[in-house]
Amino acid sequence: MQSLRIRLILLLGAAILIAAGVQFAASFREAMQKANSLFDYHMEQMALALQDSAVQQSDWYKAPTDDNDFDFVIQIWTDDGVRVYQSRAYRSLPERGTLGYSTVTLDNGDWRIYTVHRETRVIQVAQKMDSRRDRSIALAWNSVWPVLPVSLLLFAAAWWVVTSALAPLNRIGLDLAHRHAGSLAPVSDKGVPKEVSLLIAELNSLLSRMARAIDAQQRFVADAAHELRSPLTALKLQVQTLARAKDETARNQAITRLLGGVDRASRLVEQLLVLARQDPSSEAEELTPVSLTGCIANAASDVAPLAQSRHVEVRYAELPDVELLGDADSLRILVRNLLDNAVRYTPEQGQVRIDLIVDATSARLRIQDSGAGILEENRARVFDRFYRVPGTAPNGSGLGLAIVKTIADRHGASVELGTSELGGLAVTVAFPLMDEAPPASAPAAAA
C-alpha cells in the first residue's frame, strides 16, 4: 500500500465494485418484480380468453401423474362446484380459490393462482412458484448481466486514468534518479497536475536555495584560501628570518614579528569560523527571546581591554531594556565586531558612543566613533567579504562588517552607514521588535 497508484486503483476498484453490486442488486430486484408482473398479466389474459370457450373434460382424473415440465395449469368449475376442465393431469392441484390473485402452499410446493368468475363458470389459472421463479431469474439475469463487463471496463478505465495522471510524477522521479550529484537544475513542471504543481514549485525553490548556498560556500572557500595564503606565506618568511638571525637583537625582532603574524593569522581564522557559523546557508539555531541590552553590555566588556590599551573611551549611559527574537551569541558577536572596528580605527584618546533608540516597531542600535570614517564611495563595498578600505591598516581581515551583515540578515535587521556626530563613522542596525508590549526602560552600565 506504499504505492500511490496501487492505492488509488484499489480504492477506485472498491468503489466500482460496490456501485456495481448495488446496481446489480437493484436491477435484479426490479427485473424480478417486472417478470412476476408479466407472468401475472399472462395468467389474467389466459383466464379472460377462456371465459367464452366451450371446454369440457370427463376423463381428467383417469391419469393422475406428476409432470414437472409445464408452466400453467387451467381448471374450470361450474357454479355448483363441478370441475368441467383441467388442462394437465397432476396428482395435487390447487382447489377452487378466491377470486383474483393468491398464493397457496401444497405438498408439491407453492402455487400462484389467478381466479375469475364469468357467468356460470369459475376459471382458475395456476403456476408453480418454482417454475415461475426460475423463469423470472432467467429473465432478470438477461437484463442485468451487462453490468459485469461494464464494471470491468470501468476498472480498466480507472487503471488507465490513474496511470496517466501519475505519469508526470514518474517522469519527475526518473529525472531526479538520473541526475548527477551536483545537478541542481529546476524540475520541469510540464504536464504536472495542479495539485502537484505546488510540490514541484517548493522542490525547485529548495534546489534554488541549495544552489545559492553551495555557490556561496564555494566562493567562501575560494576567498578564504586566497586570504590565508598571504599570512601563511608571511609566517613562513618570518620563520626563515628567525632561522637566519645572527644575534640576540635580530632574533628578538624576528620573534616579535612572528608572534604578530601568528596573532593576525589566528584572528583571521577566528573570523572565518565565525562567518561560517553565521552564514545563512549553514544550519542555524532557533531564535528565542533575548535581551539586546545584555548583549551590548557583554560585547562592551569583551572590547574593554582593547579600548583601555588604546585609551579609547566607550560610552553608553542608560540604554533602554529591549528584548527581541534572536540568538544571544550571534548578537554579541555583531555588537563586538562593530565596537572592535570602532576602537581599532579610532585614534588614541578618541571616543566611541553606543545609543539604543526604541520606537513602536523597531530598536535601532547606533555605534559612533571619532575616527576617520569611511568615504561615501566605499560604503557600498565594506560589507563584502575580505574587502578592506584603501589606506587602512593591513592587519585587518576584511570580515568584521561582513559578519555583522550576515547576522543582521539572519535577524531580519538592516544595517546603515553614516557620518558620526563625533566626526567618524556611524553604524545603525535596526532590529524588528516582538509583537508584545513595548519594552520598559532601565539603566545600563558604562564601560
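Quick caveat, the model's predicted, so the values are computed rather than measured.
Between I16 and A158, the closest heavy-atom pair is CD1-CB, 4.2 Å. Minimum heavy-atom separation, L319 to I354: CD2-O, 3.9 Å. Taking both residues in full, the closest heavy atoms of H411 and D327 are given as NE2-N, 3.0 Å, listed atom of the first, atom of the second, then distance. Here the shortest heavy-atom pairing between I367 and A342 reads CG2-CB, 4.3 Å. When all heavy atoms of A126 and I113 are compared, the pair lying nearest together is CB-CG1, 4.0 Å. Closest approach of D321 to S291, counting heavy atoms only: OD1-OG, 3.5 Å.
Between D302 and L339 the shortest side-chain heavy-atom distance does not fall below 4.5 Å. Looking at R209 and L206, their side chains come closer than 4.5 Å, going by heavy atoms from C-beta outward. With contacts defined as side-chain heavy-atom distances shorter than 4.5 Å, the pair L292/F431 qualifies. Between V343 and V314 the shortest side-chain heavy-atom distance falls below 4.5 Å. For the pair L12 and V162, the minimum side-chain heavy-atom distance is below 4.5 Å. Put simply, the side chain of Q127 does not reach to within 4.5 Å of the side chain of W111, judged on heavy atoms. Between L425 and S420 the shortest side-chain heavy-atom distance does not fall below 4.5 Å. Contact of the V429 side chain with the R364 side chain is not registered, since no non-hydrogen atoms from C-beta on lie closer than 4.5 Å.
One side chain, R410 or S330, offers a donor N or O that lies under 3.5 Å from an acceptor on the other.
Y101 meets the side-chain hydrogen bond (donor to acceptor under 3.5 Å, both in side chains) test with E44; sequence neighbours excluded. Not counting sequence neighbours, the partners of S208 by the side-chain hydrogen bond (donor to acceptor under 3.5 Å, both in side chains) test are R212.
Between the side chain of N298 and the backbone N or O of G294 there is at least one donor-acceptor pair closer than 3.5 Å. Of the possible donor and acceptor atoms, none in the side chain of S362 sits under 3.5 Å from a partner among the backbone N and O of V358.
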Exercise for the section: Take I357 and L365 through the test side chain to side chain contact (heavy atoms under 4.5 Å, CB included) and record every step on the way to the result. Expected result: CA-CA 7 Å; I357 303 107; L365 169 65; over 6 Å; no

Exercise for the section: Would you sort out whether T115 and V122 count as a side chain to side chain contact (heavy atoms under 4.5 Å, CB included), showing the intermediate values? Expected result: CA-CA 7 Å; T115 305; V122 175; 3.6 Å; yes

Practice task
Please report the C-alpha distance between L325 and T288 in whole Å, then the side-chain angles of each, then the deciding distance to 0.1 Å, and finally whether the side chain to side chain contact (heavy atoms under 4.5 Å, CB included) criterion is met.
Solution key: CA-CA 5 Å; L325 286 177; T288 57; 5.6 Å; no

Exercise for the section: Check step by step if side chain to side chain contact (heavy atoms under 4.5 Å, CB included) holds for I74 and M46. Expected result: CA-CA 9 Å; I74 302 171; M46 193 178 300; 3.6 Å; yes

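The line from OG of S301 to CZ of R332 is 7.5 Å long, rounded to the nearest 0.5 Å. Rounding to the nearest 0.5 Å gives a distance of 11.0 Å between NE2 of H117 and CZ of R121. Put simply, CD on Q45 and OH on Y114 are 8.5 Å apart, with the number rounded to the nearest 0.5 Å. Here the straight-line distance linking atom CD1 of I123 with atom CE of M43 works out to 13.0 Å at 0.5 Å rounding. Taking CG of L306 as the start and CZ of R336 as the end, the distance is 11.5 Å to the nearest 0.5 Å. In this structure, CG in D134 is found 10.5 Å from NZ in K128, a value given to the nearest 0.5 Å.
Salt-bridge annotation for D355 and R353: present, with a side-chain N of the basic residue lying under 4.0 Å from a carboxylate O of the acidic one.
Between F155 and W159, the ring planes are tilted. Angles from 30° to 60° get that label.
The local environment of CZ in R366 is sparse, with at most 12 non-hydrogen atoms from other residues, nucleotides or ligands closer than 6.0 Å. A 6.0 Å sphere centred on CD of Q33 holds more than 12 heavy atoms belonging to other residues, nucleotides or ligands.
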